[in-house]
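Here is the structure we will look at.
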Amino acid sequence: MTLFRKVIRTMLEHKARYIGAMLLLMISSMMFVMLNMTSINLHNAFTVFSERNVLSDAEFSTGSEIDADALGEQFDAKVELGGTADCEVKPGQTLRVFSMMNMVNTPAVQEGNLPGDSEIMLDRLFAETNGYKIGDTITIANKDFTVSGYTLLPNFIYVIKSKEVMMNDPQTFGVGVVGKTDFNSLPDRSEVYAIRFDERENIKAQEAAVKNELRSPGAQITNWQSTEKKVNVSYVPMEVSVLSTMSAAVPLAMLALTCVLLGMLMWRIIKSESVIIGTFYAQGYRRRELRRHYLMFPLLVSVIGSAIGSILGLILADSTFHFMLTAFPMPVYETIFNPWLIVFAVLLPIIILCGVTWGIIGKILKTPPAILMKGGEVKNKTNFIERSLRLDRLGFTTKFQIREQVRSLSRTFFLLFGVVVATMLMLYGLTMKSSVDYMLNEGVKEMYNLKYEYVFASDKTGTPPAGTEQFGAAYVSLADNEEVSFYVTGVLPNTERIRLKDTFGQTFKPDQTTITAPLAQKLNVNEGGSVTVFDTENGSKHTLIIGKVADTYAGDFLFMPLNQFNSEFGHPADAYIGIWSDESMTFAQGKIQSVKSIDAIITGFGKLIDQMGAMIYGLIVAAFILGLIIIYIVTGLVVDESRTSISLMKVFGYRKKEIGRLILGSNTFIVVAGYLLGIPALLGTVGALYGSLTESLQIVLPVKLNVWYMLLGFVVVMVTFELAKLICRRKVARIPMSEALKAGTE
């Protein structure tokens with residue numbers, strides 16, 4: 001009990017140090033639990049929703065009616081005819097109306113009932129934003145419909161009008177579901193078949209078989225869209241993948257770094273108490289009792305910090321999960337609680353901190369008590385770094401500051417490591433924003449010299465419309481890994497619409513097979529290498545020889561001359577699937593499969609960046625606090641270990657500012673060096689994170705950090721250091737001159 005009271009008394013005496021350590025563990029364990037729990041529940045919600053409401057594997061349209069039941073029996077699949085119609089409710093406000101489905105893509109009822117005659121279900125966000133309640137009337141295509149309830153669609157989870165929009169605006173766009181009879185009365189409707197295979201393996205191969213079967217009797221497939229390419233669905237597993245990777249990587253790395261940092265802190269603290277340990281030892285305390293005593297420090301810090309953080313993470317996980325559901329509306333049939341996350345978040349700090357403490361105290365207890373009571377074994381030898389330095393010509397202040405660092409390399413490394421960790425935390429959010437900015441400015445804007453891309457429902461031949469440029473495209477997958485898919489694009493060899501450059505910044509024309517840098521990294525292929533793919537439309541295999549690598553981050557593409565593309569993929573010599581234009585164009589109903597606006601993409605990313613702003617600056621503020629805690633703990637430890645020197649300086653008449661400049665200012669170089677080392681460490685870590693997300697991200701993010709962000713980060717780190725020094729000056733002021741006399745008598 002006496003020793004336990006000593007633990008409490010010591011922690012209260014240095015409460016800022018121990019509270020800071022607990023805060024570090026609390027924040028890191030909170031993030032670990034919160035993000036992992038959110039990721040698990042989001043993945044579970046999507047999986048259960050897809051299974052219960054029979055999410056289709058593909059949706060397609062044909063030029064003539066087909067026998068859906070016969071096709072389903074032939075391929076062991078569920079096939080059902082449905083459709084969509086975009087209806088203007090008010091000027092500038094579009095409602096995408098879906099036909100009621102009974103076998104595939106069945107709507108979930110969030111509130112209310114399924115629609116009957118002259119009834120409609122709306123998505124809740126659109127209804128609430130525009131003031132439609134259950135029982136209200138909405139006019140669509142000159143017909144009044146009664147709102148029967150709120151719906152959730154498994155094939156339209158992410159409610160956006162097109163992939164170029166990227167962000168949902170419920171004031172201008174929403175979705176609704178009506179019965180089949182009411183749907184057939186809507187104008188400009190598009191009929192779409194939905195198919196889901198009973199066998200859940202090799203989905204792409206089964207899709208290719210269905211396409212071949214539909215083409216064999218001469219039926220024309222006017223549109224085929226795999227669910228994995230439909231942004232309204234694919235964004236959800238992509239977000240789950242991103243969140244899952246980040247929840248495993250970022251908080252775990254933060255937790256591990258915190259544990260290492262605190263382990264080093266415990267090592268320094270115990271070494272500084274060698275006199276007290278020797279006194280206890282000499283008084284008859286056993287090794288087991290002393291071990292148990294010093295293990296209480298890391299045990300209390302780790303248990304209190306990680307337990308509070310885990311509880312907070314558990315509480316915040318629910319609100320974070322429901323916040324994600326506002327972007328990806330899905331029914332929640334069950335909420336998963338994984339107790340092992342709590343156990344891991346609490347046990348990891350205990351194991352690391354107690355393990356470090358166990359080893360240190362065991363090593364110290366091997367030293368005789370008499371030596372420990374004198375402050376431990378004194379090493380009079382200077383280390384090799386100090387011996388190699390020539391400090392004679394330098395002034396006293398400079399010599400003192402340099403010797404402060406080289407005579408305690410472990411303490412210097414401790415401070416260096418702490419600043420590196422603080423730097424990585426502070427610059428993480430800015431690196432994400434800088435990467436997205438670079439992708440837009442040096443990727444999309446630089447590569448695309450056009451405003452609109454029109455993709456036709458079927459191949460065209462002959463001369464394209466005036467003022468446009470034709471191109472071909474085929475969606476392919478790797479022959480040995482169908483999960484890796486990308487577009488092969490056929491372009492005119494002298495095109496001005498696509499601008500490419502090599503790694504030296506020199507522009508070149510795509511007059512040979514050219515692969516973009518992100519795709520080359522993903523496929524691990526260089527110039528002269530080959531890639532074997534199969535066409536997802538018909539399953540035919542192609543081996544393509546890479547002639548050039550383009551240094552662009554606009555996406556995963558493989559470009560080749562249009563005539564070579566047509567020859568390779570079996571199209572007529574003058575065939576093309578789409579056109580690029582600088583002007584907006586109109587086409588007859590059913591002629592166009594998709595329209596892409598480059599300005600809309602850039603605007604959408606701009607909105608995404610704006611939404612990221614709050615998160616990024618929130619990260620910076622949180623990182624500032626964490627950095628302040630880390631640097632304060634380390635700087636405070638430096639002051640504690642320099643108590644004798646500080647006391648002697650006071651005896652010799654040094655002023656407060658001079659003492660602060662000698663003791664605290666000596667660490668400035670280490671802080672600067674730590675910041676500079678933290679940048680490559682951060683870029684390497686973020687690069688590994690982006691690399692792990694390559695399979696799921698629609699656009700590969702380059703790892704970039706703007707120079708101005710680096711300067712901003714440096715200012716933040718130095719301000720943090722100066723603030724930590726300011727706080728530690730109070731500790732310096734409280735050290736009495738008698739400290740030096742005590743050290744002399746000991």
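Computation of the quantities below employed the complete heavy-atom set of this structure, encompassing side-chain atoms and omitting hydrogens, waters and symmetry-equivalent molecules. Index from 1, following the sequence.
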| request: In plain terms, say whether K78 and D198 are close enough for a salt bridge, that is, a side-chain N and a carboxylate O under 4.0 Å apart. | output: yes
| message | Is it true that D86 and T94 share a donor-acceptor pair across their side chains at a distance under 3.5 Å? | response | no
| Test item: L544 and V488 side chains (from C-beta on) under 4.5 Å apart, heavy atoms | yes
| Side-chain donor/acceptor of Y132 to backbone N/O of V147, under 3.5 Å | no
| query | N155 and E59: side-chain donor and acceptor closer than 3.5 Å? | reply | yes
| task | Examine F569 together with H542 and report whether their ring centres are nearer than 6.0 Å. | result | yes
| message | Are N566 and N563 packed together at the side-chain level, in the sense that at least one heavy-atom pair is separated by less than 4.5 angstrom? | response | no
| Side chains of E191 and L81 in contact at under 4.5 Å (non-hydrogen atoms) | yes
| query | Hey, does the Lys NZ or Arg CZ of R52 hover above the aromatic six-ring of Y333, less than 6.0 Å from the centre and inside 45° of the axis? | reply | yes
| message | Working to the nearest 0.5 angstrom, can you tell me the gap between F471 CZ and I577 CD1? | response | 8.0 Å
| said: Looking at D511 and K548, is there a salt bridge between them, counting it only when a charged N and a carboxylate O are closer than 4.0 Å? | reply: no
| request: Determine, for F183 and K180, whether the Lys NZ or Arg CZ falls below 6.0 Å from the six-membered ring centre while staying within 45 degrees of the axis. | output: no
| Side chains of T146 and I120 in contact at under 4.5 Å (non-hydrogen atoms) | no
| request: Using only heavy-atom distances, determine whether the side chains of T532 and T543 contain a donor-acceptor pair under 3.5 Å. | output: yes
| Shortest non-hydrogen separation from Y193 to T62 and the atoms involved | CE1-OG1, 3.8 Å
| message | If I take atom CD1 from residue I579 and atom CZ from residue R497, how far apart are they, to the nearest 0.5 angstrom? | response | 10.0 Å
| query | Any chance the side chains of T335 and N41 put a donor and an acceptor closer than 3.5 Å? | reply | no
| Do N338 side-chain atoms and I40 backbone N/O form a donor-acceptor pair below 3.5 Å? | no
| said: Using ring centroids (six-membered ring only for Trp), state whether F156 and F98 fall under 6.0 Å. | reply: yes
| query | Between I134 and Y150, which heavy-atom pair has the shortest distance, and what is it? | reply | N-OH, 3.8 Å
| said: If you define the side chain from C-beta out and look only at heavy atoms, does anything of L214 sit under 4.5 Å from L71? | reply: yes
| Audit row: Q74, E213, side-chain contact (heavy atoms from CB on, under 4.5 Å) steps and yes/no | CA-CA 10 Å; Q74 182 179 354; E213 176 63 24; 3.3 Å; yes
| remark: OG1 of T489 to CG of L562, rounded to nearest 0.5 Å, is 10.5 Å
| task | Could you tell me whether the side chain of T151 and the main chain of A108 form a donor-acceptor pair under 3.5 Å? | result | yes
| Can you check whether L35's main-chain N or O pairs, donor with acceptor, with S39's side chain at less than 3.5 Å? | no
| request: State whether a side-chain donor-acceptor pair under 3.5 Å links E207 with W224. | output: yes
| query | Under a 4.5 Å cut-off applied to non-hydrogen side-chain atoms, are V109 and L114 in contact? | reply | yes
| request: Drop me the distance from I545's CD1 to T513's OG1, to the nearest 0.5 angstrom. | output: 8.0 Å
| task | Check for a donor-acceptor pair, side chain of T227 on one end and backbone N or O of D57 on the other, with a separation under 3.5 Å. | result | yes
| note | All heavy atoms of P154 vs all of T106, minimum pair found to be CD-O, 3.4 Å
| query | Does a donor on one side chain and an acceptor on the other come within less than 3.5 Å for T495 and E469? | reply | yes
| task | Would you mind reporting whether F173 and V159 have side-chain heavy atoms less than 4.5 Å apart? | result | yes
| query | Got a salt bridge between E128 and K133, using NZ or NE/NH1/NH2 to carboxylate O under 4.0 Å? | reply | no
| request: Please answer whether the main-chain N or O of A70 pairs with a side-chain N or O of D67 as donor and acceptor at a distance below 3.5 Å. | output: yes
| said: Less than 4.5 Å apart, side chain to side chain, heavy atoms only: is that true for M330 and L42? | reply: yes
| said: Quick one about W580 and E453 (side-chain donor to acceptor, distance below 3.5 Å, no hydrogens or angles considered), yes or no? | reply: yes
| request: Run the salt-bridge test on E583 and K451 with the 4.0 Å N-O cut-off and return the result as yes or no. | output: no
| note | Shortest non-hydrogen pair, T468 vs P464, comes out as OG1-CB, 3.6 Å
| said: Check R196 with E51, please: is the shortest side-chain N to carboxylate O separation under 4.0 Å? | reply: yes
| field | Heavy-atom neighbours of Q171 CD exceed 12 at 6.0 Å | value | no
| task | Would you please indicate if the ring centroids of F557 and F559 are separated by under 6.0 Å? | result | yes
| message | Determine whether M560 and T514 satisfy the following criterion, side-chain contact (heavy atoms from CB on, under 4.5 Å), listing intermediate values before the conclusion. | response | CA-CA 6 Å; M560 59 194 307; T514 303; over 6 Å; no
| field | I160 CD1 to R96 CZ distance, which is reported to the nearest 0.5 Å | value | 9.5 Å
